[in-house]
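To start, the structure itself, in structure tokens.
All figures in this text were calculated on a predicted structure; none of them were measured in a lab. Note on naming: letters A, B, ... go to the chains in the order of the sequence lines (proteins, then strands), and numbering restarts at 1 for each one.
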Number of protein chains: 2
Amino acid sequence: MKKPAGVELAGIIRKAGFRATKPRLLVLAFLHGIEYPASIKEIITGIGREKVDQVTVYRILEAFKAVGLVAQVDFQHGRAYYELKDAAHDHHHIVCTGCDRVEDFTGCDYDKLADKALSQTSGFAKVTNHSLELFGLCNTCVKTA
Amino acid sequence: MKKPAGVELAGIIRKAGFRATKPRLLVLAFLHGIEYPASIKEIITGIGREKVDQVTVYRILEAFKAVGLVAQVDFQHGRAYYELKDAAHDHHHIVCTGCDRVEDFTGCDYDKLADKALSQTSGFAKVTNHSLELFGLCNTCVKTA
DNA sequence: ATACCACTTGCAACTGACTTGCAAGTACTT
DNA sequence: AAGTACTTGCAAGTCAGTTGCAAGTGGTAT
């Protein structure tokens, strides 16, 4: 089971136009294993500091983002979070401002939103990307608020 | 016209629970004068570096944000942007990834979105805030892309 | 298999956004 | 006019993310 997974990941990386190096495989494997977006620090700690330099992780994520392999999300914590991008499942996150708990939700109606924005603005030709986060209180934090 | 505006701004600040100090008046007046969100650096430069310390600007914006007087938006430029919050006019921004040009659009259907998210998640009790940005290409940059 | 070379990585040093501690200043109250 | 709690300014610090460059390595051609 380990070998096939590795091979598959290498294929994903090569298809994206990169060499299937050990750091890139480690980053991609780590992202495959998480449920919610992870910060760079979490990614490095998760992989193991001795296995890959943080600069390398920054560069890999930047490159993966550029080819649409990963999505960068902003939880307003002063640092970037990353997760694999799943084109078929455009989801967003709701973040608890009390405890940083995260859950997913879907249905932002991206296409309609993009059309609406383009029809309202005179200077824009196309929408290529979007970011949407909801902030709120989880069942636990709402009691102590 | 200058005096009344100043008095009015002072009232806004006091109503929010702060003392109407010179730095706070300057920040609020500057935000009143901009068309699109400004970075801290732009705010400081706009006000005049000699008139107010950058630490003070950071603290003022943080405080104004906490009471809902200003909104912080993320254009994925690695720094925060700020603008006055207009409760009656919930607008969002579309940002050109080529030249950083910004325009507004409205109609994100916040209430419906919040309901949708709450019905899909089991752990959240309420939505208190949201962030939404579209990224795209303006009429100029789309030609050179 | 071997060698090559462009692509990658790791290290060290750096930048720039933002924060903290604290003494000095000042808006509002009495 | 004076007091005091709220604010500010300065200096120094933290932390995320970047840059330059020499050393390393994956994929290809031989």
Side-chain angles (χ1 to χ4, degrees), chain A residues 6-30 37-67 69-70 72-82 100, chain B residues 6-30 37-67 69-70 72-82 100:
Chain A
V7 171
E8 189 191 323
L9 294 180
I12 293 173
I13 293 172
R14 290 201 196 90
K15 236 171 290 175
F18 304 113
R19 290 186 180 172
T21 63
K22 203 177 299 178
R24 292 208 254 248
L25 287 166
L26 287 169
V27 169
L28 195 58
F30 180 82
S39 67
I40 298 257
K41 194 189 272 186
E42 288 165 348
I43 295 172
I44 293 170
T45 308
I47 291 175
R49 243 189 181 64
E50 71 292 349
K51 292 220 186 66
V52 58
D53 191 83
Q54 59 144 262
V55 174
T56 302
V57 175
Y58 274 101
R59 291 196 268 228
I60 289 173
L61 289 169
E62 187 58 36
F64 281 4
K65 188 175 84 171
V67 297
L69 218 50
V70 311
Q72 177 183 343
V73 307
D74 172 42
F75 290 162
Q76 304 205 352
H77 294 162
R79 77 203 76 107
Y81 288 74
Y82 298 88
D100 295 347
Chain B
V7 169
E8 190 191 321
L9 293 180
I12 293 172
I13 293 172
R14 291 202 193 88
K15 236 172 289 174
F18 303 114
R19 289 186 181 173
T21 64
K22 201 176 302 179
R24 292 208 256 246
L25 288 165
L26 287 169
V27 169
L28 195 57
F30 179 82
S39 67
I40 298 257
K41 193 188 270 185
E42 287 165 349
I43 295 171
I44 293 169
T45 308
I47 291 174
R49 244 190 180 65
E50 70 292 349
K51 292 221 187 64
V52 57
D53 190 85
Q54 59 145 260
V55 175
T56 302
V57 175
Y58 273 101
R59 290 195 270 229
I60 288 172
L61 289 169
E62 186 58 35
F64 282 3
K65 188 176 82 169
V67 299
L69 217 52
V70 311
Q72 178 182 343
V73 307
D74 172 43
F75 289 162
Q76 304 204 357
H77 293 163
R79 76 203 77 106
Y81 287 73
Y82 298 88
D100 295 347

Query raised in the report: Can you tell if the side chain of B/P37 reaches within under 4.5 Å of the side chain of B/Y82, non-hydrogen atoms only?
Result: no

Query raised in the report: Any side-chain heavy atom of A/Y58 sitting closer than 4.5 Å to one from A/I40?
Result: yes

Query raised in the report: Looking only at heavy atoms, which two atoms of A/T56 and A/P23 are closest? And how far apart?
Result: CG2-CB, 3.8 Å

Query - Heavy-atom check, side chain of A/Q54 versus side chain of A/K41, under 4.5 Å - result: no

Query raised in the report: Taking atom C1' of C/dT8 as reference, at what distance in whole Å does atom CG of A/L26 sit?
Result: 14 Å

Requested in this report: Find out whether A/V67 and A/F18 are in side-chain contact, i.e. whether some heavy atom of one side chain is under 4.5 Å from a heavy atom of the other.
Outcome: yes

Requested in this report: Pull out every residue in residues 42-54 of chain B that has a heavy atom closer than 4.0 Å to any atom of DNA chain C, ordered by number, or say none.
Outcome: B/Q54

Report task. Mind calculating the distance between CD1 (A/I60) and C1' (D/dT18) to the nearest angstrom? Result -> 16 Å

Requested in this report: Write down the distance between CZ (B/F18) and P (D/dC6), rounded to a whole number of angstrom.
Outcome: 12 Å

Query - Contact under 4.0 Å: B/T21 side-chain N or O vs D/dT8 OP1/OP2 - result: yes

Query raised in the report: Rounded to whole angstroms, how far apart are NZ on A/K22 and P on D/dG26?
Result: 7 Å

Report task. Among C/dT9, C/dT19, D/dT7, find the nucleotide with the atom closest to the side chain of B/Y58. Result -> C/dT19

Extract from the structure each pairing of a protein N or O with an N or O of nucleotides 1-6 of chain C at less than 3.5 Å, listing the distance.
from, atom 1, to, atom 2, distance (Å)
C/dA6, N3, A/R19, NH2, 3.4

Report task. Check B/I13 against B/R19 and note the closest heavy-atom contact, atom names and distance. Result -> CG2-O, 3.5 Å

Requested in this report: Would you mind reporting whether B/I43 and B/L61 have side-chain heavy atoms less than 4.5 Å apart?
Outcome: yes

**Report entry** Minimum heavy-atom distance between B/A20 and B/L25, given as atom pair plus value
**Finding:** O-CD1, 4.1 Å

Report summary line: So NZ of B/K65 and CD1 of B/I60: to nearest 0.5 Å the spacing works out to 15.0 Å

Query raised in the report: Once you round it to whole Å, what is the distance between P of D/dG17 and CZ of A/R79?
Result: 8 Å

**Report entry** Among C/dT20, C/dA27, D/dA16, the one nearest A/K41 by side-chain distance
**Finding:** D/dA16

Report summary line: To the nearest angstrom, the CZ-C1' distance between A/R24 and C/dG10 comes to 14 Å

Under 3.5 Å, N/O pairs linking protein and nucleotides 28-30 of chain D:
none

Query raised in the report: Between B/L69 and B/A16, which heavy-atom pair has the shortest distance, and what is it?
Result: CD2-CB, 4.3 Å

Report task. Pick base, sugar-phosphate or nothing for B/R59, based on heavy-atom distances below 4.0 Å to the nucleic acid. Result -> base

Requested in this report: Figure out the OH/P separation between A/Y81 and D/dA16, and round it to whole Å.
Outcome: 10 Å

Query raised in the report: Do A/F64 and A/L28 have side-chain heavy atoms sitting under 4.5 Å apart?
Result: yes

Query raised in the report: Of all the choices, C/dC11, C/dT9, C/dT19, which nucleotide is nearest to the side chain of A/V55 once you look at every atom?
Result: C/dC11

Report task. Measure the distance from NE2 on B/H77 to C1' on C/dC18 and round it to the nearest whole Å. Result -> 18 Å

Query raised in the report: What heavy-atom pair brings B/G46 and B/F30 nearest, and what distance separates the two atoms?
Result: CA-CE1, 3.6 Å

